[in-house]
A.B. asks: 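Attaching a single structure in structure tokens format; questions to follow.
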Amino acid sequence: AAPPDGRLPYGEIIDAADVVAVEWRIGDERVLASAGARALLELDADEPLPTRPALLAQLDRGDSLHVRLLEQQALDTPGERVPVAWEATLRTRRGTLRRVVARGALVRRAAGAEPVMRLVLVDVTAEHELRIRDAATRLAASEHRYRALFDRHPLPVLVAAGAAEIVVAANAAARELYGLDDAAIGTVSKRTLLARDALASYAEWRRRPLTGRDVRAARHRAADGREIDVLVTSEPIEHDGMPARIAVVVDVTDRLAVEARLRESMQRFELVLDNMTDGVVLQDAAGRIVLWNRAAERILSLTGDQLQGKTSIDPHWAALGEDGEPIPGERHPAMVARREGRAVQGTMEISAGDGRRTWVAVSAAPLVDAEGTVTGSVSTFADVTAVRASQRDLAESEARYRLVAEQMHDMVCRHAPDGRFAWVSPSSRALLGWAPTELEGRHPREFIHEDDLARFAANGVGGPCTGDDV
């Protein structure tokens with residue numbers, strides 16, 4: 001049985017050892033304590049000990065709940081002796097806060113007897129305060145490091161807090177981008193940083209539930225009125241107990257301007273390509289057609305879908321050279337240009353998409369990157385089918401004319417613009433005694449008697465060609 005004064009059994013021994021100990025039976029509100037425990041609780045010698053609920057109520061609220069939970073867990077654990085340990089903040093009778101560490105056990109002394117909680121308390125207030133100061137020092141150092149990282153981040157970073165999204169923090173890059181000073185931090189809202197034409201999309205964005213990372217393009221406005229195109233990546237955080245978002249801002253104004261100029265350049269390039277009369281195709285390193293113009297579709301009688309990915313080795317082309325011999329795909333100008341890294345020209349007859357045989361004059365050149373690697377080829381080609389037909393008709397006509405001229409007894413000759421013989425019929429030998437080759441390249445004046453030169457010159461014979469009959 002416990003002593004009537006609330007002292008622990010064997011209290012003299014415990015007190016002599018200066019041990020801070022407490023004990024209570026589960027189900028019994030009475031607490032037994034050593035002299036050291038009474039001193040820890042700042043109780044006078046004649047003051048009664050607090051009951052178990054009162055003692056637990058003197059603990060910090062969270063610690064009290066934790067201790068009650070540990071006590072219940074010990075009760076639910078079978079065994080004669082169940083170890084228990086906890087650390088908590090205790091408020092003494094005089095209001096002093098003490099940090100104590102409790103170690104002990106839940107003891108079941110006999111079957112059917114109420115379990116007894118026996119604890120030894122150690123006052124660790126000084127160590128706890130030291131830990132708190134040390135933690136505060138480390139926290140301050142950590143905050144200083146993170147603040148330095150925040151301020152020195154090369155990209156603009158903003159923190160907007162509360163329903164009004166007030167800018168509560170901005171690093172140096174953000175202050176420079178937006179022209180913010182110290183007075184603006186904590187007073188300027190995120191809305192004031194938006195360009196006028198971005199307000200409607202911002203209002204719609206605010207209506208959406210944002211629970212995680214958000215990435216969006218926007219147009220912002222600096223303090224001097226300058227508008228900035230930005231890409232904003234934001235994450236939800238907590239700032240001084242308020243919901244907030246931290247946003248990393250990328251100024252893409254220059255990039256968008258470059259992209260706009262690039263689009264304009266591409267549009268001009270496509271306009272030039274599509275208005276060329278010659279066909280143009282670009283082939284990649286594997287020889288596949290990846291770019292072409294409208295003239296290429298027209299000349300080859302192929303649609304864009306049919307041209308896409310087509311190669312020179314496709315048997316569809318059935319190419320023939322000017323000598324009538326087949327030209328395999330490996331010898332097509334584009335393939336040679338890419339393989340040998342040089343410009344190549346050639347004329348060949350191919351099969352168009354509609355089955356027609358078409359003559360094309362091709363010029364191909366390799367595409368070389370900055371490292372000197374051939375990455376493909378570009379070819380331009382013109383439809384010379386009509387030209388070839390005209391040349392063929394002209395050759396046939398000249399052959400017929402030459403045949404007639406050579407069969408005539410009269411001498412027939414053709415002169416260059418300066419009057420020299422360009423061609424003479426074979427009858428010159430019979431009429432003049434000169435072979436055609438002896439006359440060609442010479443001037444008729446060499447063969448006119450000097451008495452007749454003046455008369456012939458007056459009539460325009462033998463002079464430069466003027467287009468008049470003589």
Side-chain angles (χ1 to χ4, degrees), residues 272 275-280 295 298-300 319-327 331-334 336-337 340 342-350 352 356-365 378-470:
V272 170
N275 283 278
M276 289 179 63
T277 57
D278 289 351
V280 178
R298 173 178 52 80
I299 293 172
L300 302 176
L320 298 176
E322 294 183 280
D323 57 1
E325 292 296 321
I327 302 178
R331 287 172 45 203
H332 285 201
V336 176
E340 300 182 5
R342 62 182 180 88
V344 180
Q345 295 181 337
T347 302
M348 56 186 181
E349 187 184 32
I350 61 172
R356 292 181 298 106
R357 297 294 294 176
T358 302
W359 281 93
V360 289
V362 185
S363 294
V378 59
S379 302
T380 61
F381 51 91
D383 185 348
V384 295
T385 306
V387 174
R388 295 277 302 185
S390 297
Q391 291 175 341
R392 184 183 64 249
D393 294 343
L394 178 60
E396 292 175 354
S397 175
E398 287 185 348
R400 288 193 298 269
Y401 164 75
R402 187 180 294 273
L403 179 64
V404 171
E406 289 176 351
Q407 298 301 317
M408 291 178 64
H409 294 295
D410 294 337
M411 188 179 83
V412 179
C413 55
R414 180 166 55 85
H415 296 266
D418 63 356
R420 296 177 183 274
F421 290 111
W423 179 82
V424 180
S425 67
S427 56
S428 64
R429 184 183 296 278
L431 291 174
L432 302 178
W434 296 93
T437 56
E438 295 175 307
L439 295 175
E440 291 170 355
R442 301 174 67 179
H443 202 281
R445 286 194 301 266
E446 299 179 36
F447 306 98
I448 299 176
H449 194 275
E450 59 184 11
D451 294 342
D452 294 327
L453 279 175
R455 180 167 57 85
F456 273 81
N459 291 327
V461 178
C465 295
T466 62
D468 299 324
D469 294 336
V470 294

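The basis for the numbers below is simple: all heavy atoms, side chains too, and nothing from hydrogens, waters or symmetry mates.
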A.B. asks: Tell me every residue that passes side-chain hydrogen bond (donor to acceptor under 3.5 Å, both in side chains) with Arg429, counting only those two or more places apart in sequence or in another chain.
C.D. replies: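 With sequence neighbours excluded, Arg429 shows a side-chain hydrogen bond (donor to acceptor under 3.5 Å, both in side chains) to no residue whatsoever.
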A.B. asks: Can you name the residues that form a salt bridge (Lys or Arg N to Asp or Glu O under 4.0 Å) with Glu446, not counting sequence neighbours?
C.D. replies: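 Per chain and number, Glu446 pairs via salt bridge (Lys or Arg N to Asp or Glu O under 4.0 Å) with Arg442.
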A.B. asks: Residues in side-chain contact (heavy atoms from CB on, under 4.5 Å) with Asp452, at least two apart?
C.D. replies: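 Listed in chain order: Ile448, His449, Arg455, Phe456.
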A.B. asks: Taking only residues two or more places apart in sequence or in another chain, which ones pass side-chain hydrogen bond (donor to acceptor under 3.5 Å, both in side chains) with Arg298?
C.D. replies: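 For Arg298, no residue satisfies side-chain hydrogen bond (donor to acceptor under 3.5 Å, both in side chains) once neighbours in sequence are set aside.
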A.B. asks: I'd like to check the salt bridge (Lys or Arg N to Asp or Glu O under 4.0 Å) partners of Arg392; sequence neighbours left out, ordered by chain and number.
C.D. replies: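 None.
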A.B. asks: Taking salt bridge (Lys or Arg N to Asp or Glu O under 4.0 Å) as the test, write out the residues that go with Arg414, two or more places apart.
C.D. replies: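 With neighbours one apart ignored, the set is empty.
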A.B. asks: Does Phe421 reach the side chain of Trp434, with side-chain heavy atoms less than 4.5 Å apart?
C.D. replies: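 A side-chain contact is absent here, since even the closest heavy-atom pair is not under 4.5 Å.
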A.B. asks: Test of understanding: with salt bridge (Lys or Arg N to Asp or Glu O under 4.0 Å), list the residues that count as partners of Glu349, not counting sequence neighbours.
C.D. replies: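 Testing Glu349 for salt bridge (Lys or Arg N to Asp or Glu O under 4.0 Å), a comparison that skips the adjacent residues, returns Arg357.
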A.B. asks: Excluding sequence neighbours, so at least two apart, what forms side-chain contact (heavy atoms from CB on, under 4.5 Å) with Ala361?
C.D. replies: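 Scan of Ala361 (side-chain contact (heavy atoms from CB on, under 4.5 Å), adjacent residues dropped) gives Thr347, Val384.
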A.B. asks: Do Leu432 and Phe447 come within less than 4.5 Å of each other through their side chains, counting heavy atoms only?
C.D. replies: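 Heavy-atom side-chain distance check fails, nothing below 4.5 Å.
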A.B. asks: Could you list the residues that satisfy side-chain hydrogen bond (donor to acceptor under 3.5 Å, both in side chains) with Glu340, not counting sequence neighbours?
C.D. replies: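 Once residues adjacent in sequence are excluded, the partners of Glu340 under the side-chain hydrogen bond (donor to acceptor under 3.5 Å, both in side chains) criterion are Arg342.
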A.B. asks: Can you name the residues that form a side-chain contact (heavy atoms from CB on, under 4.5 Å) with Ser363, not counting sequence neighbours?
C.D. replies: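 Gln345, Thr380.
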A.B. asks: Suppose we screen for side-chain hydrogen bond (donor to acceptor under 3.5 Å, both in side chains). Which residues come up paired with Thr385, at least two apart in sequence or across chains?
C.D. replies: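 Testing Thr385 for side-chain hydrogen bond (donor to acceptor under 3.5 Å, both in side chains), a comparison that skips the adjacent residues, returns Asp383.
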A.B. asks: Run the numbers on Phe381 and Leu300 for side chain to side chain contact (heavy atoms under 4.5 Å, CB included), then give the verdict.
C.D. replies: CA-CA 10 Å; Phe381 51 91; Leu300 302 176; 3.9 Å; yes
